[in-house]
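Since this is a predicted model, take the numbers as computed values, not measurements. Position 1 is the first residue of the sequence, and the numbers go up from there. Counting starts at 1 for both ligands and their atoms, in listed order.
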Amino acid sequence: MTVSKLAAIAAVLSVPGALASPYFAGQYRANAQQLLTAYDYVVVGGGAAGLTVANRLSEDSDVTVLVIEAGVLDANEDIVTIPGLAGGAIGTKYDWNLTYTVSESLGGRNVSLPQGKVVGGSTKLNRMVFDRGSKSDYDRWATLGNKGWSWDTLLPYFKKNEKFTPPSDAIVAEYNVTFDATAHGTSGNMHSTYSPFFWPTTKNIVAAIKELNIGISNDQANGNAIGGYFCPHNQDPVSVTRSSAREAYYNKVTTRKNLHLITGRQVTRIITKKTSSAVKVTGVEFAASEKAARETVSVKKEAILAAGAIHTPQILQLSGIGDSATLSSIKVSKVVDLPGVGQNFHDHVLLAVVNVISAPLTGNNLTSNATFAAEARAQYDNQKTGPLSSPTGDFLAFLPLSIYSKESTSIHAKAVDQDGATFLPAGTPAEVIKGYKSQQKVLNDKLSSKDSAALEFIWADGVFVLGLQHPYSRGSVKASSASVFDAPIADAGFLRNPLDVTLLAEGVRFARTIAATSAIAPLQPFEVVPGVNVTSDADLEQFIRSSASTLFHPAGSCKMGKREEGGVVDGQLKVYGVQGLRVVDASVIPLLPASHTMTTVYAIAERAADIIKGVCK
Ligand SMILES: Cc1cc2nc3c(=O)[nH]c(=O)nc-3n(C[C@H](O)[C@H](O)[C@H](O)COP(=O)(O)OP(=O)(O)OC[C@H]3O[C@@H](n4cnc5c(N)ncnc54)[C@H](O)[C@@H]3O)c2cc1C
Ligand SMILES: *[C@@H]1O[C@H](CO)[C@@H](O)[C@H](O)[C@H]1NC(C)=O
Ligand SMILES: *[C@@H]1O[C@H](CO)[C@@H](O)[C@H](O)[C@H]1NC(C)=O
Ligand SMILES: *[C@@H]1O[C@H](CO)[C@@H](O)[C@H](O)[C@H]1NC(C)=O
Ligand SMILES: *[C@@H]1O[C@H](CO)[C@@H](O)[C@H](O)[C@H]1NC(C)=O
Ligand SMILES: *[C@@H]1O[C@H](CO)[C@@H](O)[C@H](O)[C@H]1NC(C)=O
Ligand SMILES: *[C@@H]1O[C@H](CO)[C@@H](O)[C@H](O)[C@H]1NC(C)=O
């Protein structure tokens, strides 16, 4: 049983390793152009947000832009190119190999957190799910006081990012995939389309969702990402390869003389100057390694932080921008007292319920049968279809609590009665607590609404990967020392608030309801994790705390919001108390949407570029 259990988990959570070619072992290449001593804009981090903003700002040839990226340029290895190998760069030199801190709420475990360290950032490592949240997910940002940030104002930027190609006739005929052309962009930089191949048990899950009378959204992209939906991926429909931030936003503009990229350099701090009236950014300091000499570049207009939700707050703290307690713990002198830096940190919790199934063709055939794998490879190389053309996750379900749980009324009542602040980390600054209370009200208001999904269900040949979409728990990110080369202490706060356990326990029960449909019956599902005898609240809690991990969507650690509520940036994404400094990455997300995070980060970054240019409506 253990072997099949592990095989089943491996099928969904890891990659067909047999097919992954060894990654490029060569040296990094920095841009050949000579660095200038000063740039109008210096972008810190060349991932999803950083490359988007750098591309847009450098459209104006009079403006000079430098991107400083810690990682290197990849060499188009299969693991960062072929959709069916998505995730294969996890644990390679392209991964920061981060680990969340040991947590009591996870039974004393630590959870590893991959993050891209490569030009393209985490968009080179990710599973290529290209979806948006629902209207209500973004409208709640406005409710929290972020003027101008809502579904309606973000939609043009979701579209601006996207170059959508409809599903192939063959896949439409086989699966009845529908789409809403009006919701998509067709002239953006980022390819999005549906895989030309779905693993066949996708048919069973689609039928099961219908059998349970759960609606299938016409298209997740139009603000109604509720129920089941067919999910596009960021892949080029012709070459059937990954479209990462690098392909979409950097490769096409390497000839721009006003855009420079330097790789293999870690930004060590933002240099500021204090005048009688203000704190102003004057430069950015970086280095190739802990021991290497510090280099500096001057900033004429702005430094733009895009180092991701873990490293951006670290860089602010190393630059003296943060809460006093953290700054004194790392012996950095205070430049701006900003208690929210690193707080409000949250992530989607992942929980796997594993059934062994019996089917003519599953992902296991790829990992367990070398002949089959070789045939699949030939089919991909020659016809651009077959198993390697899909990163999996071609059909997802995002379910409101009231759809997947009979207890939604009592859970809602419990949530309303709770003082969630008691579950915040010890020492949480007062402003942050105030902001959390506002968030808690918004979360409660939407907890049992039909227009807000509480849980994602990803099906992979019998494995249900559950993703908690609107967690109540919060953690923090803190620099561990004054050196950027020491990994920051990141704590996602997973399951600290018991409501999150309840929301997941109901999800485990619903996974069983799905597995018990007549649509799944032909697959003879047999639950091996946690096992059918794990049914009581207490046993489910024990299972959840001992096996939950991350769905890889860290966010919120430099929240956009009111300063008196622990906000780090304002609605213009400007860091409070500093002139010439913005944050444009996943850190600014005040509350995670019920969606994977990449499209949201691109939309934020596209909008940020227009804000910086002064052309944002
Ligand atoms: C394994 C995995 C799977 C995922 N799956 C999906 C998915 O299927 N769909 C989806 O929508 N989202 C997915 N995501 C999430 C998505 O990729 C991220 O939300 C998104 O990339 C975040 O963008 P960002 O710009 O904030 O950070 P990133 O894209 O991570 O970019 C940050 C960049 O900053 C660089 N950097 C960090 N520190 C420094 C420094 N000190 N100096 C210079 N550079 C620095 C990093 O090397 C990196 O290149 C996944 C993420 C991971 C890790
Ligand atoms: C991540 O870990 C792998 C395996 O140990 C290692 O090869 C790789 O170099 C590490 N990544 C970085 C950026 O150090
Ligand atoms: C995480 O936990 C494992 C198992 O206890 C341990 O071996 C490892 O060193 C820990 N990693 C970190 C980074 O703390
Ligand atoms: C295809 O999907 C549409 C929209 O969801 C639905 O109305 C229709 O009945 C479906 N057709 C089949 C054959 O399932
Ligand atoms: C896939 O594997 C299953 C189980 O081993 C086997 O019965 C089936 O024939 C395989 N299918 C193909 C196409 O190789
Ligand atoms: C392995 O794959 C080959 C090619 O698809 C197939 O003919 C064979 O039956 C498979 N073997 C098993 C054990 O499934
Ligand atoms: C469930 O059954 C397994 C295998 O018999 C056993 O190891 C486990 O302790 C049981 N769990 C519970 C909660 O009863």
Side-chain angles (χ1 to χ4, degrees), residues 1-8 10-12 16 18-19 84 90-91 95-115 117 197-204 310-311 314 351 353-380 385-390 392 460-463 475 477-481 485-492 494 501 505 508-509 512 522-550 554:
M1 190 186 281
T2 312
V3 171
S4 27
K5 170 177 131 183
L6 288 178
V12 62
L19 287 165
I90 294 171
D95 182 358
W96 286 92
N97 299 322
L98 298 178
T99 306
Y100 284 137
T101 49
V102 167
S103 163
E104 261 176 58
S105 55
L106 296 178
R109 290 179 303 128
N110 59 28
V111 163
S112 70
L113 176 71
Q115 286 289 282
K117 186 182 184 181
F197 165 92
F198 298 173
W199 288 97
T201 72
T202 303
K203 289 203 174 94
N204 299 80
I310 313 286
H311 293 110
Q314 178 196 28
L351 185 73
V353 174
V354 182
N355 292 277
V356 172
I357 60 168
S358 166
L361 182 62
T362 70
N364 279 344
N365 292 74
L366 206 50
T367 43
S368 65
N369 182 341
T371 311
F372 180 82
E375 286 177 4
R377 178 64 196 232
Q379 191 184 10
Y380 175 79
T385 185
L388 290 183
S389 67
S390 165
T392 74
D461 292 330
V463 178
V477 179
K478 289 182 179 164
S480 58
S481 79
F485 296 97
D486 293 332
I489 302 164
D491 173 9
F494 282 156
V501 174
V508 175
R509 293 186 168 119
R512 289 171 178 160
L523 304 175
Q524 300 168 267
F526 178 73
E527 186 184 300
V528 290
V529 177
V532 287
N533 59 345
V534 178
T535 56
S536 68
D537 288 348
D539 289 346
L540 283 170
E541 173 164 3
Q542 147 74 19
F543 160 62
I544 291 166
R545 292 198 186 278
S546 64
S547 74
S549 65
T550 170

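Using a 4.5 Å cut-off on side-chain heavy atoms (C-beta onward), F197 and Q379 make no contact. Looking at F543 and V529, their side chains come closer than 4.5 Å, going by heavy atoms from C-beta outward.
Counting only distance, with no hydrogens or angles, the side chain of R377 and the backbone of L388 share no donor-acceptor pair below 3.5 Å. Side-chain atoms of S480 come within 3.5 Å of backbone atoms of A487 as a donor-acceptor pair (strictly under, hydrogens ignored). In this structure, the side chain of N110 does not engage the main chain of Y100 through any donor-acceptor pair within 3.5 Å. Judged purely by atom type and a 3.5 angstrom limit, E527 uses its side chain to pair as donor or acceptor with the backbone of G531.
Contact annotation for atom 7 (O) of ligand 3: protein absent (non-hydrogen atoms, distance under 4.0 Å). Distance check for atom 3 (C) of ligand 7: a protein heavy atom is found below 4.0 Å. Protein heavy atoms are found less than 4.0 angstrom from atom 11 (N) of ligand 7.
Ligand 3 places these atoms under 4.0 Å from at least one heavy atom of T99: 13 (C). Set against the non-hydrogen atoms of P360, the atoms of ligand 5 under 4.0 Å away are 1 (C), 8 (C), 10 (C), 11 (N). Taking a cut-off of under 4.0 Å to the non-hydrogen atoms of N365, the atoms of ligand 5 that pass are 1 (C), 2 (O), 3 (C), 8 (C), 10 (C), 11 (N), 12 (C), 14 (O).
Taken to the nearest 0.5 Å, the CD atom of E375 stands 11.0 Å off from the CG atom of N365.
Remark: minimum distance from atom 5 (O) of ligand 7 to any protein heavy atom is reached at N533 ND2, 4.7 Å. Closest to atom 14 (O) of ligand 3 among all protein heavy atoms lies N110 ND2, 3.2 Å. For atom 13 (C) of ligand 7, the closest heavy atom belonging to the protein is D539 OD2, 3.1 Å.
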